[in-house]
Amino acid sequence: MLTAKELMGIEDFLGSMQNNINTMNYFASNIQDSQAKQLLQQLAQKGQQHFQTIGKHLNAGQSLQ
């Protein structure tokens, strides 16, 4: 079971992670260089996958409490 402080730290991390994903998507949609656009889109997609995986693990842990 996570402490309130640990949970707040994870929430802060996830918030930063989502902000980074949004930033990469923003720049990908506004950049002209196709290689850079593709790289930013791939990074944003991978970040979103990691974000969702962490969320699933947290939700699974909450159902066990």
Q38 and Q42, any side-chain heavy atoms less than 4.5 Å apart: yes
Shortest non-hydrogen separation from A44 to N25 and the atoms involved: CB-OD1, 3.3 Å
Flag side-chain contact, heavy atom, 4.5 Å: Q45 against Q48: no
Euclidean distance, S29 OG relative to Q41 CD, rounded to 0.5 Å: 8.5 Å
Distance (rounded to the nearest 0.5 Å) between I31 CD1 and M24 CE: 13.0 Å
Reported CG-to-OG1 distance for the pair L58 and T53, which is rounded to 0.5 angstrom: 11.0 Å
Atom pair CG (L39) and OG (S34), whose distance is rounded to the nearest 0.5 Å: 11.5 Å
Atom CZ of F27: over 12 foreign heavy atoms under 6.0 Å: no
Taking only distance into account, with no hydrogens and no angle test, what donor-acceptor pairs under 3.5 Å do side-chain atoms of residues 5-15 form with protein atoms, sequence neighbours excluded?
{"unit_1": "E6", "atom_1": "OE1", "unit_2": "T3", "atom_2": "N", "d": "2.8"}
{"unit_1": "E6", "atom_1": "OE1", "unit_2": "T3", "atom_2": "OG1", "d": "3.3"}

Non-neighbouring partners of N22 that pass side-chain hydrogen bond (donor to acceptor under 3.5 Å, both in side chains), sequence neighbours left out: Q18
